[in-house]
Amino acid sequence: MTLDLNLLATLPVLVPLLAAVVVLVVDAAVPGRRQPHLWLTAAGLLGGALAVLPGLAQPAGDARGAFCLATGQCLYTADRLTSVLQLTALAAAGVVLALAWGDWGGPSRTGRAPVVAALVLGATAGAAAVPAAGDLGTLLVALELATLPAVGLVALADPRWPAERRARSTEGAVALLMTSLVSFGLVALGAALWVAATGTALLSLPTTRDPVLLLLASVFILAGLGFKLSAVPFHAWTPVTYTTAPLPVTTYLATVSKAAALGAAVVLVRALGEVDETALLAVALMAALSMTVGNLVALVQVDTVRLLAWSTVAQAGWVLLPLASLSSRAVHAAGSYLVVYVLGTLLAFAVVVAVAETRGHDGGGAGTSLDAHAGLLRRRPLLALPLGLALLTLAGLPPAVVGLVAKVVALRPVAGDGTWWLAVVAALNVALGIAVYVRWLARVLGPAPVGAPEPVRVGAAGGGAAGAPARSGAGTDDEVRPAGGEPQGEAAPPHTPARVWVVVAVLTLLVVVWSISPVGIV
Amino acid sequence: MIRPALPYLLVAVLAGLGVYGILARRHAVLVLIGVELLLGAAGLLLVTVGQTTTATDPAAATSGQVLTLFVITIAAAEVVLALALILALFRARGHVDLHADLDPREEAAR
Amino acid sequence: MTDSLRTAVRQAVDLVPDLGTWWLALALAPLLLAAVTLLAAGRWGEEPGYRSVRTVSVGAAILSAVGVAGTSLHRPRLELPWIDGLGVWLRLGADGLSIPLLLLTALVGVVAVSLHLHVPQPHRPEAPDEEGIATTSPIPVVRGTDVPGLATYHACLLLVVLGALVAFLAGDAILFFVGLELVLVPMWVLVARYGDPGARREGAALRFLLVTVVGSTLMLVGLLGVATLVGTSDLSVWAAQGGAGLEPRTQVVLAAILLLGLGIKVPVFPLHTWLPWVHSTAPTAASVLLAAVLLKLGTYGMVRLVVPVVPDGFSALAPVLGGLGTVGIIWASLACLVEEDLKRLVAWSSVAHLGFVVLGLSTGTQTGLQAALFGNVAHGLISALLFVVVGGLKHRWGDARFTVARAALRETTPHLGAALVLGMAASMGLPGLAGFWAEIGAIYSAWAPADDRPDGWFRLFAALAAVGGALAVAYSARVLHEVWSGDRLEPRVPDAVRTERYALRTLGALVLAVGVLPMLLLAVTAPVTELVVGR
Amino acid sequence: MSVVDWPDLTWSDLQLPSLPALPQISIPGLSVPDFWGAPMQWLVLVPALAALAGITLSGRSNRLAAWIAVGGGIVTWLASLWQLRVLLAVDGHHASGSVGPLPLGELDVPLGLAVTWPLALVAATVATVALVVQVYSRWYLWYDPKYPAFAATVSVFTAAMLLTVVADDVILLVVGWEVMGWCSYLLIGHHSTKTAARRAALKALVVTRTADVGFVLGMVMLAAGARTTSVSGIVEHWAAEAPTRGLVLALVLVVVGVAGKSATFPFQDWLPDAMEGPTPASALIHAATMVAAGTVVLVHLFDLLAVTGPARVLLALLASVTLLGGAVMAFAQADLKRLLAWSTVSQVALMLAVLAAATPHTGPDAAAEHLVAHAWFKALLFLATGWLAVLVGGTAMTTVASGARRYRVLRRRFAWGLLALAGVPPFVGFFSKELILGTAESAATGSGGLASVVVLSAVGASAPLTAAYCMRAWLVLDRPTQIEQHAVTYQQEPVERIDDFFDEPQVVHEAEGLERAESAISSSARSGTTLLAAMTLLGSLVALLPVWRVDVHLNLQLLVATLLLMVVAALAVRLAARGVRTRDAAARIPARASLAAERGLGADYAYRLLVATPVVALARAVTWFDREVLDAWVRGAGAGSRLLGQAGELLTPRRATPALALVLGGVLVLAALGVVSR
């Protein structure tokens with residue numbers, strides 16, 4: 001049996017992995033360093049991203065294969081869609097790194113930095129590998145490579161946190177792990193059934209197969225992927241883990257992991273899609289349930305992270321939605337939607353992180369509550385506007401046209417297919433979703449709660465007000481009164497580091513540019 | 001070709017036991033063992049399938065066996081991580097009871 | 001006489017240079033630029049004073065109106081690829097169907113932007129006063145002042161106008177949808193932040209947003225269905241195909257989804273319940289835009305996206321649609337008879353008027369279509385006029401209830417009074433004013449619908465619509481009886497200020513002109529409707 | 001059987017010798033550039049423009065408003081005369097266009113105008129009366145700050161009526177019709193600070209507009225059948241075939257609409273209430289415009305009406321009931337203006353009755369002629385009443401008693417007006433009524449059928465009733481006073497007459513006698529009434545013009561019998577009035593009956609009970625349903641999703657095991673679904 005290695009094509013996966021190895025080696029050689037590991041991580045992610053570019057440039061329909069069998073089937077195939085997903089994962093990981101820089105680069109007795117760096121690199125490499133998987137083995141390995149380090153990331157909370165808080169993050173990690181274990185069990189069973197049904201571990205269907213077994217196999221594998229996408233009913237870990245994990249890690253779970261999961265789903269649906277409508281029904285059901293349940297529960301949340309967690313559940317439904325149709329565009333539509341979703345979610349998380357940091361980073365609770373965002377527009381317009389754009393992108397409303405286009409893209413295959421019930425459910429969920437995000441947005445635009453501590457204004461927003469004597473009410477409903485005239489003990493003025501600003505600015509720019517000219521969608 | 005009924009039966013029993021362990025046990029390690037049973041079922045199934053399909057499709061004949069190796073390896077990695085986490089949980093909480101609330105919702109929703 | 005006049009007009013028109021697609025840019029760019037500028041200006045540094053804000057936004061609106069006029073005159077077409085993957089092109093252009101609405105939008109935009117924003121007063125429940133209204137209550141300020149957030153307010157208004165213009169100009173289904181969505185967030189901000197504080201404005205704004213989003217998303221589903229089946233989202237191709245190659249059953253489903261979605265926006269009975277509440281809460285300018293422009297998007301969408309595109313499906317659903325329109329006429333008119341809030345009453349009357357429009361549409365005749373398009377514009381003008389008056393009154397009175405004792409408008413504020421009389425007369429379908437032609441056209445076309453419509457039902461609709469016309473008289477007369485005439489002179493409120501007077505005069509003159517010379521509009525829409533009906 | 005051998009006369013025998021033909025006068029309107037258009041266009045355009053100009057230009061200046069309004073009236077009047085001349089030249093039918101045709105798709109909407117002889121005379125009458133009313137109201141509303149609005153409304157009113165007269169398009173008929181209704185609302189409610197006036201205006205508008213539902217639908221049906229809105233086209237289309245159910249229904253609906261506007265039973269009650277409006281407005285509404293519009297419309301559609309039996313019978317019944325009832329009610333009123341109002345109800349019903357009775361053979365001209373005649377004398381009576389009301393401070397019968405004696409300048413005006421109303425020769429009313437009688441009689445004996453018979457008897461019965469209330473009014477007005485003796489020796493010095501139309505009149509509180517009465521009114525208003533008084537006599541000549549192409553036998557027996565009856569009725573009233581202090585014969589009526597009559601016999605109550613209350617109750621039900629049922633869905637969706645959200649939050653597993661159970665359960669469900677649906 002000959003195997004045509006074409007390692008060049010696998011560079012997007014290999015580079016981060018190599019970087020991980022380098023990180024570990026460096027740590028072994030020069031223990032106790034922190035920043036170099038993070039820089040190495042950045043370099044690894046960047047290198048991976050650069051390696052994706054040739055894949056992006058190839059014409060539609062072409063694919064770069066590696067580990068190809070004599071029959072021409074490859075165990076690793078990267079066409080344009082795959083490359084897009086890889087790039088998304090790598091770039092999102094980069095953003096997460098930027099957000100977490102201060103956290104991960106902070107002093108730690110246990111030498112956390114290199115471990116975290118290696119975990120991030122490993123998980124990201126896994127996420128990049130999943131969409132390119134050409135057979136079940138690759139898929140299984142890649143999936144677990146994407147999942148297990150992420151569990152580690154959740155568990156490795158900031159050592160500066162109070163013990164109780166760290167204990168909770170461990171609990172979150174356990175929740176994630178348990179679900180992932182069960183899911184993996186299911187996927188493994190599914191893989192076995194797949195082999196039983198088709199007689200091959202390759203993800204391209206032979207002509208002879210056992211339909212019932214294949215169906216069972218696909219359902220089992222779908223369930224496993226559903227867990228990673230946090231689609232209902234495999235979503236239960238999501239709110240727990242999201243709220244307990246450190247915010248950057250949450251961001252990682254919400255973006256990079258999603259890219260990986262979608263990649264796997266795309267691989268599966270590509271293999272199944274043209275023939276098996278029943279599996280599509282399962283996808284449709286998952287999509288509809290995820291949207292509805294996610295939005296409904298998100299509607300009553302009072303914490304931004306929990307809200308985002310449930311919104312992730314809902315958005316998973318949207319990502320799955322196009323896959324429920326037979327259309328050839330479906331997988332591309334799902335990919336496009338995912339990219340936009342990742343963009344919006346990253347931006348939202350970036351702002352949430354920034355706000356939480358200014359509120360004193362005690363690791364959750366008050367800093368991420370919706371109340372912390374009340375009146376943000378008046379207090380910190382430079383954060384509020386990007387947040388607004390992010391929320392509107394997720395909601396799919398102009399002026400964030402890109403979100404709207406994403407919704408259109410996701411709906412199109414379904415509507416074109418004539419699956420009206422699903423389309424109508426989706427349409428209702430657009431409204432529900434808007435209710436979710438607008439509820440948040442209203443807080444951002446609205447008045448600050450009376451008595452809330454007045455944070456120091458940043459940017460050019462005339463900041464002289466904080467210490468000034470109580471201003472006259474003068475009819476401004478948005479008046480923020482200094483609480484009791486007491487300085488509230490915020491000795492260290494909250495400071496949003498430059499890297500967060502850069503991240504916010506770049507992402508905002510991306511949203512705006514894409515809103516004006518949504519190139520590359522589908 | 002004979003249908004290897006016994007292995008399949010064993011697969012079913014293993015999977016059932018795994019599910020039972022996952023659902024009925026509250027000790028984290030026992031749940032972990034349930035998962036391992038499930039994975040074992042998957043591996044057995046793979047092996048069995050690989051044996052029975054040898055005759056029909058020589059090209060893919062080895063798939064089952066190879067996948068089994070994959071599954072076992074991954075399972076091992078998982079167990080390592082899981083045990084580490086369970087240890088951490090035990091240190092933090094003093095128990096490894098999975099029936100305890102994981103969700104700090106009350107505090108957040110307060 | 002008419003010939004020489006026509007020649008003169010033609011010569012005058014020839015003097016206008018043909019700027020090609022720059023007209024489109026002139027129509028859209030000022031709005032966008034001014035909105036962005038205002039948003040930015042309101043955000044950082046010193047808030048600009050009301051004079052500069054008003055100057056910028058009114059200037060932008062006027063520039064845009066000039067651009068719209070030029071666009072209507074020369075009808076340039078812009079075609080740029082926009083979203084490759086979806087095959088969506090940036091197709092902008094005006095035709096007979098959209099020109100009246102474009103002009104209406106531009107005009108109403110100028111009016112809405114030039115109206116003063118009133119400081120929302122904190123709601124104070126009035127203690128029942130035995131001596132009637134306390135004469136010492138302060139006379140409200142009705143001119144511009146430095147209101148917090150004025151720049152944002154104006155930016156939102158401009159964005160609403162921009163979205164409506166994009167929707168009317170759109171030659172692509174997806175672009176139309178984008179325009180439709182573009183107005184939502186600014187409108188939401190307008191209602192939620194600048195609305196009547198006493199009326200749970202956040203709730204009203206949210207309801208507006210959600211209900212219309214449901215509508216537009218349903219419409220989107222339908223649009224995507226059609227686009228997939230036809231293979232493009234180019235509206236001209238859709239209209240040219242005229243449903244050829246679409247199975248009747250598919251057409252029915254598509255038409256149902258599209259009509260359901262658009263019906264929420266119009267709104268058609270029984271999907272109308274969001275409208276009165278939103279209107280009673282929204283600030284005056286937002287009400288004006290909502291009634292005069294945004295509701296038109298729904299009916300325009302029906303003419304543009306449903307009638308020619310899925311004709312068989314539409315004709316299958318037309319009886320239902322016509323029936324709902326008719327029920328809406330009667331229903332809303334009855335509600336007007338007992339409504340106590342003036343703004344809500346006008347909102348209800350909008351439902352009734354749009355019922356006539358929908359009835360005309362559903363008949364499938366060119367007469368009906370012409371009447372419907374006419375009714376669209378007529379209702380735009382009339383409702384804008386009425387909302388300017390009623391909004392001004394609401395601010396002056398402190399709330400919009402008109403069953404409590406107020407000073408008679410005829411005696412104390414003759415300008416507002418005259419405008420109210422004109423608006424109410426037009427609203428009841430008085431001949432010589434704009435509302436008449438739509439009403440009589442709808443009734444006629446319902447009596448003589450297209451051949452494939454069930455005669456009996458439509459004749460019943462015609463009779464009911466005529467009864468609705470009588471009810472309209474009853475409620476209009478009721479309003480005039482309570483508000484306009486009377487002998488009370490207290491509490492005194494100031495009459496219309498200059499901007500209000502200009503706005504009212506412009507709108508009033510147009511209501512009259514369109515009513516007396518209906519072919520001004522009918523001639524513009526006739527070629528298109530002939531195509532639509534003739535297929 | 002008759003003793004006397006009555007000469008056998010036809011109407012044409014009574015008519016004047018034909019006018020000297022005027023064909024040598026070249027009519028410029030036909031060859032000059034299009035700019036001048038047709039006179040009928042100016043008839044409508046000028047008053048409309050005058051109204052627009054009056055509203056926009058006059059501001060607060062009553063003087064400017066008056067110039068514009070009266071100027072417009074004069075030009076309109078000239079246009080109406082010009083129209084007559086054109087008509088002479090073109091042999092009785094002249095058509096023209098207006099703002100049409102409208103591109104309304106399948107429906108042909110030419111929006112044409114056309115004029116024929118009787119209607120041209122009606123137009124001239126309307127223009128004249130409107131001019132007089134304009135002049136008069138300038139005086140009557142001298143101090144009124146709302147005069148400009150009033151004058152402009154009168155102009156619009158005139159334009160609308162003239163449009164109705166010259167329209168050859170049902171849409172234009174509807175336009176004129178509705179605009180008149182609206183203007184009547186504004187005019188009746190002119191004194192909008194008076195509660196009664198506001199209520200009356202509201203009632204007039206709502207009642208007439210309710211009936212208009214029928215009118216509009218009828219017109220739409222007519223147009224829908226013919227696929228055109230041109231009246232001539234419609235008549236041509238429908239007359240080509242035998243009367244169908246559609247035509248019958250359409251005409252019945254039109255008749256209902258006409259009944260509403262013409263204050264015919266059961267819609268009669270708005271008209272007496274409309275007396276709350278200023279007197280010039282009443283004169284305009286009653287004499288020439290609003291209530292007469294029904295007659296004009298039916299004249300337009302006469303060719304169809306005459307062949308549609310049920311519609312004729314309906315009209316005949318309604319009109320006959322109204323004709324008699326109105327006359328009786330008029331007799332019982334305790335207010336001069338209300339008496340006149342009820343007499344209008346009765347007289348308009350007379351016009352409608354003859355339209356119902358007429359056959360294609362007799363033609364509708366009798367109605368048009370009575371319209372013209374009625375316009376003259378009713379305008380005169382109203383304006384005189386208004387004048388008197390200014391002098392004596394009211395129109396109640398007790399207040400105006402002896403009015404014609406105290407102010408002798410009014411005496412002739414009242415006398416001629418009442419005589420004409422009663423139909424006494426040689427006044428104009430006599431001719432028109434005899435023509436009506438003749439028409440009804442020849443139709444009843446001819447092919448007219450039930451409708452004609454009903455109408456003939458009603459018309460016959462109405463003559464003495466009319467005479468009775470005229471006599472009653474006259475007796476009251478002409479009651480001798482003690483002061484009258486003094487009047488002879490009173491006031492010999494020259495009085496200051498107001499010569500300038502635009503000078504302010506003196507306010508006369510205690511005016512007594514001829515001269516003071518004259519000094520209370522502007523000379524132009526006074527000459528207006530003089531013109532009207534003259535026309536009650538000279539109008540007879542108009543009535544005898546040969547342009548009335550009627551071919552009616554005059555039954556002299558009938559004529560004499562009617563006159564005798566009238567005399568008897570008048571004498572009876574005279575007898576009844578003897579011994580009453582005010583010389584008011586109606587004082588003999590029991591108090592309860594007269595009170596009921598003044599209240600319109602409870603029609604208002606009936607309207608409220610039968611229409612207004614149910615409709616309002618329905619409206620309340622609708623709003624309740626809307627709020628509690630329809631909107632509940634929307635609200636419920638909001639609250640429901642919140643509740644569901646809470647439920648979802650609570651149901652979400654918070655422990656590892658249930659979460660895993662959910663996973664496994666999900667797989668089970670999906671797998672089962674797959675297997676089942678396969």
Side-chain angles (χ1 to χ4, degrees), chain A residues 327 329 332-333 336 377-378 381-382 384-385 388 392 395-401 404-405 407-409 411-418 420 422-424 426-435 438-439 441-442 445-446 459-462 474-479 516-522, chain C residues 39 43-46 82-88 90 119-122 147-149 152 159 163 174 177-186 188-189 192-193 197 202 205-206 209-229 250 253-254 256-257 260-261:
Chain A
S327 160
R329 295 200 193 91
H332 291 97
S336 301
L377 186 68
R378 315 289 155 74
L382 281 182
L385 286 183
L392 290 178
L397 275 181
V401 178
L404 182 70
V405 172
K407 289 274 191 293
V408 174
V409 168
L411 264 176
R412 183 166 192 178
V414 179
D417 209 29
W420 301 122
L422 189 56
V424 170
L428 292 178
N429 268 294
V430 170
L432 264 181
I434 285 174
V438 155
R439 188 164 149 263
L441 193 59
L445 302 184
T476 52
D477 53 349
D478 49 311
E479 190 71 22
I516 293 168
S517 166
V519 284
I521 300 276
V522 181
Chain C
L39 273 181
R43 207 48 55 220
W44 289 287
E46 199 77 358
W82 189 39
I83 310 174
D84 279 342
L86 288 178
V88 175
L90 204 59
V119 192
Q121 294 161 326
V147 182
T152 315
L159 283 178
I174 304 297
F177 172 72
V178 170
L180 216 61
E181 297 276 289
L182 195 56
V183 301
L184 294 182
V185 170
W188 172 69
V189 173
R193 190 167 160 206
E202 284 86 3
L206 192 62
L209 189 65
L210 295 185
V211 171
T212 46
V213 157
V214 169
S216 55
T217 315
L218 284 176
M219 184 198 78
L220 173 69
V221 169
L223 289 184
L224 290 175
V226 178
T228 313
L229 293 176
T250 320
V253 174
L254 286 172
I257 292 179
L260 188 63

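Just so you know, these numbers use all the heavy atoms, side chains as well, and skip hydrogens, waters and symmetry mates.
With a 4.5 Å cut-off on non-hydrogen atoms, Ala205(C) does not touch chain A at all. With a threshold of 4.5 angstrom between heavy atoms, Leu445(A) approaches chain C through side-chain atoms but not through N, CA, C or O. Residue Leu220(C) touches chain A through its side chain alone, counting heavy-atom pairs closer than 4.5 Å. The parts of Leu218(C) that come within reach of chain A are both its backbone and its side chain, each placing non-hydrogen atoms under 4.5 angstrom from that chain. Residue Val211(C): no heavy atom, backbone or side chain, is found under 4.5 Å from chain A. Looking at Val189(C), the atoms closer than 4.5 Å to chain A (heavy atoms on both sides) all sit in the side chain, from C-beta outward. For Leu392(A), the part lying under 4.5 angstrom from a heavy atom of chain C is the side chain only.
No other option in Val424(A), Val408(A), Leu441(A), Val414(A) has as many heavy-atom pairs under 4.5 Å with chain C as Val408(A). The candidate from Leu184(C), Val88(C), Val178(C) with the greatest count of non-hydrogen atom pairs under 4.5 Å with chain A is Val178(C).
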Subject >> Test side-chain contact (heavy atoms from CB on, under 4.5 Å) applied to Ile516(A) and Val401(A), step by step >> reply: CA-CA 7 Å; Ile516(A) 293 168; Val401(A) 178; over 6 Å; no

Original post:
Can you list the steps and then say if Val214(C) with Val430(A) is a side-chain contact (heavy atoms from CB on, under 4.5 Å)?
Top reply: CA-CA 7 Å; Val214(C) 169; Val430(A) 170; over 6 Å; no

Original post:
Can you check side-chain contact (heavy atoms from CB on, under 4.5 Å) on Leu180(C) and Thr212(C), steps first, answer last?
Top reply: CA-CA 10 Å; Leu180(C) 216 61; Thr212(C) 46; over 6 Å; no

**OP:** Under the side-chain contact (heavy atoms from CB on, under 4.5 Å) rule, what do Thr217(C) and Leu411(A) come out as? Steps first, then yes or no, please.
**Re:** CA-CA 10 Å; Thr217(C) 315; Leu411(A) 264 176; 4.1 Å; yes

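You'll find the side chain of Trp420(A) reaches within 4.5 Å of the side chain of Val221(C), heavy atoms only. Between Leu428(A) and Leu432(A) the shortest side-chain heavy-atom distance does not fall below 4.5 Å.
None of Leu254(C), Ile174(C), Ile257(C) except one satisfies the side chain to side chain contact (heavy atoms under 4.5 Å, CB included) rule with Leu224(C); the exception is Ile174(C).
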